[in-house]
Amino acid sequence: MDCRATHTFRLKSYSIERLQETVRQNLDCLLRILQYNRDHDLLFFRIGSQLVPFASHPVNQFDWQEYFAPRFQAIGRFAMEHEMRLSMHPDQFILINSPDEGVFERSVAELRYHVQVLDLMGLPPSAKVMIHVGGVYEDRQASLQRFITRYSLLEPAIRKRLAIENDDVSYPFADCLTLHQATGVPVVFDCFHHSILNQGESVAEVMPSFVATWEAQDGPPLSHYSSQQPDERTGKHADTIDLVDFERFLQVTKPYDLDIMLEVKDKEASALRAISVARNDERFVASRVATAS
DNA sequence: TCTGGTCAAGGTGGT
DNA sequence: ACCACCTTGACCAGA
């Protein structure tokens with residue numbers, strides 16, 4: 001792809017004109033990306049958080065939702081027409097379990113922005129916004145409990161789309177499962193994070209409880225796939241997909257219908273190689289048949 | 001046109 | 001105490 005849907009600018013440069021121009025550019029590019037993806041059987045895409053720069057910042061008083069509504073709708077229609085699934089992943093500043101109320105409030109505002117994007121596109125609740133559990137704040141149990149309390153304070157529109165993902169430093173899959181049991185929030189399984197931080201369970205052992213966190217309206221369970229960058233610190237994502245390892249992941253998850261997102265630097269280059277492997281997988285063939293019918 | 005410093009936001013771990 | 005890093009690196013001033 002020769003464009004990115006994540007153009008932004010410095011806060012200093014903020015103006016309504018600049019915002020309009022940048023968002024218009026990003027939305028045009030997003031549609032082109034989805035067209036490319038359709039042409040290459042890539043049916044799952046994560047939209048960058050910078051689609052609307054400073055969307056939840058106090059500087060932004062512009063009604064971008066209203067102004068760009070037709071473009072959002074057109075993108076959503078395209079995605080649904082081609083049975084694509086879209087998702088978003090707010091970045092590391094979004095911490096709904098922070099003891100600091102200000103951090104919580106800013107996080108809610110940012111979540112609201114992400115959810116609005118998917119709502120404006122008219123996408124079903126299976127289009128998810130995923131976050132990590134948050135910080136530990138020197139007390140894991142209290143911080144897990146605070147997540148549960150804060151989750152209950154979120155407006156329904158946000159809860160409808162929210163999902164949580166296991167991380168590689170603080171909260172392994174087992175903690176996410178506990179939070180699911182308390183809140184109903186679906187769990188995104190990141191297999192690379194799991195390989196770094198776990199409680200001794202193999203990927204195969206995790207699968208049944210992971211997929212069970214997804215209700216019918218949430219869509220197929222979401223997973224993230226990546227692998228270790230050789231000769232780098234533990235946790236560093238590889239620049240490109242390791243096809244041998246990826247095939248192993250496909251084998252281990254064989255009995256389950258999943259959507260898989262690749263987290264790699266070279267993006268569609270790896271995605272195309274992954275597709276070439278996944279084409280041999282009966283689950284992939286099934287989804288193609290469904291799309292063609 | 002190219003390059004290097006810098007960018008809204010928080011938390012963690014390594015030095 | 002300070003810094004690099006985080007799923008992804010892009011902007012912008014100055015040369």
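Here is how names work: the chains are called A, B, and so on, in the same order as the sequence lines, proteins then strands, and each is numbered from 1.
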N/O-N/O pairs, protein side and nucleotides 3-5 of chain C side, under 3.5 Å:
from  : atom 1 : to       : atom 2 : distance (Å)
C:dC5 : O3'    : A:Arg233 : NH2    : 2.9

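- Residues from residues 259-269 of chain A that place a heavy atom under 4.0 Å from any atom of DNA chain C, listed by number: A:Glu263, A:Lys265.
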Pairing string of DNA chain B (Watson-Crick or G-U wobble, both atom distances under 3.5 Å; | = paired to other strand) is |||||||..||||||

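- Distance check on atom C1': B:dT6 versus C:dC3 gives 15 Å, rounded to whole Å.
- Look at A:Lys160 and A:Asp119 and you find a salt bridge, because one of the NZ, NE, NH1 or NH2 atoms lies within 4.0 Å of a carboxylate O, short of that distance.
- Place A:Gln50 and A:Arg46 on DNA chain C by their nearest nucleotides, and A:Arg46 ends up nearer the 5' end.
- Side-chain nitrogen and oxygen atoms of A:Arg4 include at least one within less than 4.0 Å of the OP1 or OP2 phosphate oxygen of C:dG9.
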Run the side chain to side chain contact (heavy atoms under 4.5 Å, CB included) check on A:Val206 and A:Asn198 step by step: do they pass?
-> CA-CA 10 Å; A:Val206 160; A:Asn198 59 70; over 6 Å; no

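- Under the disulfide (SG to SG under 2.5 Å) criterion, A:Cys29 pairs with A:Cys3, sequence neighbours left out.
- A:His224 comes within contact range of no nucleotide atom at all, as no heavy-atom separation falls under 4.0 Å.
- For residues 169-189 of chain A, the pairs satisfying side-chain hydrogen bond (donor to acceptor under 3.5 Å, both in side chains) are A:Arg140-A:Asp175, with sequence neighbours left out.
- Nucleotide C:dT7 holds its P atom 14 Å from the CG atom of A:Asp239, rounded to whole Å.
- Under the rule for a side-chain hydrogen bond (donor to acceptor under 3.5 Å, both in side chains), the partners of A:Arg71 that lie at least two apart in sequence or sit in another chain are A:Asp28.
- Under the side chain to side chain contact (heavy atoms under 4.5 Å, CB included) criterion, A:Lys236 pairs with A:Gln228, A:Gln229, A:Glu232, A:Arg233, not counting sequence neighbours.
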Would you mind writing out the side-chain donor-acceptor pairs for residues 88-96 of chain A within the sub-3.5 Å range, not counting sequence neighbours?
from    : atom 1 : to       : atom 2 : distance (Å)
A:His89 : ND1    : A:Met130 : O      : 2.7

Can you check each nucleotide of nucleotides 9-15 of chain B against protein heavy atoms at under 4.0 Å and return B for base, S for sugar-phosphate only, - for none, in 5' to 3' order?
-> BBSSS--

Give me the distances for all protein-to-nucleotides 12-15 of chain C N/O pairs that come in under 3.5 Å?
from   : atom 1 : to      : atom 2 : distance (Å)
C:dC12 : OP1    : A:Arg10 : N      : 3.1
C:dC12 : OP1    : A:Ser13 : OG     : 2.6
C:dC12 : OP2    : A:Arg18 : NH2    : 2.6

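- Atom CG in A:Asn26 sits roughly 19 Å away from atom P in C:dT8 (whole-Å rounding).
- With sequence neighbours excluded, no residue forms a side-chain hydrogen bond (donor to acceptor under 3.5 Å, both in side chains) with A:Thr6.
- Straight-line distance from the CG atom of A:Asp190 to the C1' atom of C:dC6: 13 Å, rounded to whole Å.
- Taking A:Asn97 as the reference, nothing meets the side-chain hydrogen bond (donor to acceptor under 3.5 Å, both in side chains) condition, with sequence neighbours excluded.
- Ion pairing of A:Glu21 with A:Arg18 is absent here, as no side-chain N (NZ or NE/NH1/NH2) approaches a carboxylate O to less than 4.0 Å.
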